[in-house]
Amino acid sequence: MKPQLISGIHHVTAMADDAQKNLDFYTGILGLRMVKKTINFDAPDVYHFYYGNETGSPGTIMTFFPFAGMAKGRHGKGQMTVTSFSVPAESLDYWLARLKKFNITHTGPQQRFDDEMFISLYDAHGLGLELVFNKTDMRPGFTYGQIPLEYSVKGFHGAVLSEDNSDRTAKLLLESMDHKLIAEKGNLKRFSASGVPGDFIDVLNTPEAARGLGGSGTIHHLAFATADDTSQLEIREKLLSKGHQVTEVLDRQYFHSIYFREPGGVLFEVATNPPGFAIDEHPSKLGEALKLPQWYESMRDKIESALVPVELKPEKFS
Ligand code: ZN
């Protein structure tokens, strides 16, 4: 059998408004680690925050472009509408109490695919999230103090794509991206490259919905993981041969990336697992200093003075 070119989810990137509120939510409320503080390489006056587990492993990385005053987007079809995080099955009461304590808008618990329990919630800028209570996620949790380890987030559970015609997206995932159909109920189909929590792509057929609009509180793109530069070039050729418009390989410092739009309009990326976040700072110091790629280093003073200062204080959310 040919080795898979796509192994699962690498990261999710979204848009936010106020940078401090974004940072407080993901490090404070959800208890993720800030693994990199950098800038949007295409717009250096905007931060790029990366959150994840201890090392920022693929499958745990949520990233944001926070930009104060950005207009709110609209959730709808042609968009990735939900990012779901995996938490232990026995943490339901803990999370319900925690979301209530910090006044986080949420609904549920509700059930999906027979026995999957989840809570829906919104982040500080209206981004759709879920906490999924998993019995089968074997990954260790990670904690930085404010959340007990036995209740902490393990990484992504998966993503929900809302589509005008889910068959087209399904065809792409099945025929060109190494995914398999692993569950189906009503207008929802679940695909996965690995078959385990962290890599579930739920495709929702919602032709009746309005189209989504980009802006604060919406997903910018969904990135899939590939082993290395060689497998990335292979998947690029494969996608090109199927008629997809794929970009050249771009150097994102912590991984290498290609981008294309899936047939329903969601921006997909395929990112390499290496080199990772320890390439420019010590693993124990991840996220503490503003990191710039080499080609921006000479403009550091100007770039730093244009950014709003932020403070990393997750312990305020104990
Ligand atoms: Zn990306």
Side-chain angles (χ1 to χ4, degrees), residues 5-16 19 22 26 32-44 46-53 55-67 70 73 78-85 123 127 129 155-156 158-161 172-173 177 193 198-199 201 212 214-229 231-233 235-236 239 244-262 264-277 279-280 286-287 291-293 295-296:
L5 298 174
I6 300 285
S7 53
I9 295 179
H10 187 282
H11 66 267
V12 172
T13 293
M15 319 285 273
N22 177 260
Y26 287 91
L32 308 186
R33 182 179 189 188
M34 186 175 215
V35 291
K36 196 63 64 181
K37 180 164 71 171
T38 183
I39 52 168
N40 181 337
F41 294 174
D42 303 319
V46 178
Y47 277 120
H48 194 179
F49 292 162
Y50 290 77
Y51 307 105
N53 68 357
T55 55
S57 315
T60 72
I61 313 160
M62 182 87 197
T63 100
F64 285 90
F65 298 123
F67 191 73
M70 180 190 283
Q79 240 182 14
M80 176 177 154
T81 42
V82 181
T83 307
S84 56
F85 290 94
D123 82 357
L127 191 76
L129 304 175
F156 291 129
V160 180
L161 310 178
L172 165 69
L173 291 169
M177 297 186 73
D199 298 318
I201 308 293
S216 170
T218 64
I219 299 292
H220 187 265
H221 62 263
L222 167 62
F224 294 86
T226 195
D228 53 29
D229 292 331
S231 60
Q232 183 172 58
L233 291 178
I235 183 75
R236 183 171 183 274
L239 290 164
H244 299 286
Q245 306 273 322
V246 191
T247 65
E248 295 294 324
V249 175
L250 295 166
D251 182 3
R252 295 317 195 188
Q253 186 82 354
Y254 311 107
F255 39 83
H256 301 148
S257 302
I258 55 172
Y259 302 85
F260 66 102
R261 274 194 199 277
E262 57 88 30
V266 181
L267 186 60
F268 278 5
E269 172 181 345
V270 178
T272 54
N273 287 332
F277 296 105
I279 190 180
D280 62 356
L286 293 182
K291 303 308 289 185
L292 300 177
W295 62 91
Y296 278 127

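We use all heavy atoms of the structure for the numbers below, so side chains are in, but hydrogens, waters and symmetry mates are not. Whatever order the structure lists ligands and atoms in, that order sets their numbers, starting from 1. Counting from 1, the numbers follow the sequence of the chain as shown.
Looking only at distances, a side-chain donor or acceptor of T38 sits under 3.5 Å from a matching main-chain atom of K291.
Closest to the Zn ion (ligand 1) among the N, O or S atoms of H221 is NE2. Restricting H11 to its N/O/S atoms, the shortest distance to the Zn ion (ligand 1) is reached by NE2. The Zn ion (ligand 1) sits nearest to atom OE1 when only the N, O or S atoms of E269 are considered.
Residue contacts to the Zn ion (ligand 1): H220 brings no N, O or S atom closer than 2.8 Å.
F156 has its ring centre less than 6.0 Å from the ring centre of F85. Ring to ring, Y254 and F277 are close: their centroids are under 6.0 angstrom apart.
Other residues, nucleotides and ligands contribute at most 12 non-hydrogen atoms within 6.0 Å of the CZ atom of F67.
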